[in-house]
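Everything on this sheet refers to the single structure shown next.
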Amino acid sequence: MSDKPLNGHRVLVLVTNYGVEQDELLVPVGRLREDGAMVTIAAETADPVQTLVGDKDPGETVEPTTTFDTLNPDDYQLLLIPGGTINADQLRLQPKALETVKAFAAAGRPIAAICHGPWALVEADVLRGKTLTSYPSVRTDVRNAGARDWVDEAVVSDSAGGYTLVTSRTPDDLDDFLGGVNGALVGS
């Protein structure tokens, strides 16, 4: 057995089947798996997930591991929500995805979201009292959802309100984001 830092840790990634930003899905999934984490990708349907590059150009397709309807949030230690404007906008309209977000927050398990991903947290009403970051256009939504503050930083980790929230702004922040995700996982 290898001694990878995240052996035994289970991560759930929520995406829709179209529009997730390619690097915000593939880079975290790849690095978490390299570090030993078991990563499950849950999508709305079992159809392939079409990623996009820059919200417009088709990227790689990814096979989801499970669907929103069949996943059990209790099986995972951390929830990761990648961005992509289309993905994030559609994800916040999925009742089962929002139930999963609420379940993680209520159970005190960490949630990580990057770019437009915090829109799902806005819709799930789990940002009250939190300090976080996101893509700048999401700032007003975050504040209107009761967040304590929105800051323009590469990564923000906040443990207020009973669960740890790790957020980042864009794919440029992925290294910092993954450092925060790893810290939240090891501490969970």
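Sequential numbering from 1 along the given sequence is applied to the chain's residues. All of these numbers come straight from a predicted model, not from anything done at the bench.
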Using a 3.5 Å cut-off and no angle test, enumerate the donor-acceptor pairs between side-chain atoms of residues 82-91 and protein atoms at least two apart in sequence or in another chain.
from	atom 1	to	atom 2	distance (Å)
T85	OG1	D55	OD2	2.5
N87	OD1	T16	N	2.7
N87	OD1	T16	OG1	2.9
N87	ND2	P82	O	3.2
N87	ND2	G83	O	3.2
D89	OD1	R92	NE	3.0
D89	OD1	R92	NH2	2.8

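- For residues 14-38, no residue pair satisfies the ring pair (Phe, Tyr, Trp, His ring centres under 6.0 Å) rule, not counting sequence neighbours.
- Sorted by first then second residue, the ring pair (Phe, Tyr, Trp, His ring centres under 6.0 Å) pairs that include residues 122-178, not counting sequence neighbours, are H116-Y135.
- Hydrophobic clustering of Ile, Leu, Val, Met, Phe, Trp and Tyr side chains at less than 4.5 Å, counting indirect connections, keeps V186 apart from M38.
- Partners of R128 by side-chain hydrogen bond (donor to acceptor under 3.5 Å, both in side chains), not counting sequence neighbours, listed by chain and number: D125.
- With a 4.5 Å cut-off between side-chain heavy atoms of Ile, Leu, Val, Met, Phe, Trp and Tyr, the cluster of V151 takes in V156.
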Donor-acceptor contacts under 3.5 Å from residues 59-68 side chains, at least two apart:
from	atom 1	to	atom 2	distance (Å)
T65	OG1	I41	N	3.1
T66	OG1	T70	OG1	2.6
T67	OG1	T70	OG1	3.1

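- Residue pairs meeting the salt bridge (charged side-chain N to carboxylate O under 4.0 Å, His left out) criterion with at least one member in residues 149-172, sequence neighbours excluded: R143-D149, D152-R169, R169-D173.
- Hydrophobic clustering (side-chain heavy atoms under 4.5 Å, transitive across Ile, Leu, Val, Met, Phe, Trp, Tyr) keeps I114 apart from W119.
- Looking at residues two or more places apart in sequence or on another chain, you find no side-chain hydrogen bond (donor to acceptor under 3.5 Å, both in side chains) involving T170.
- Not a single side-chain hydrogen bond (donor to acceptor under 3.5 Å, both in side chains) links D23 to another residue, sequence neighbours left out.
- Every residue two or more places apart in sequence or in another chain that forms a side-chain contact (heavy atoms from CB on, under 4.5 Å) with R148 is listed here: T131.
- L93 belongs to no multi-residue hydrophobic cluster, having no ILVMFWY side-chain contact under 4.5 Å with any other such residue.
- D176 is linked by a side-chain hydrogen bond (donor to acceptor under 3.5 Å, both in side chains) to nothing, counting only residues two or more places apart in sequence or in another chain.
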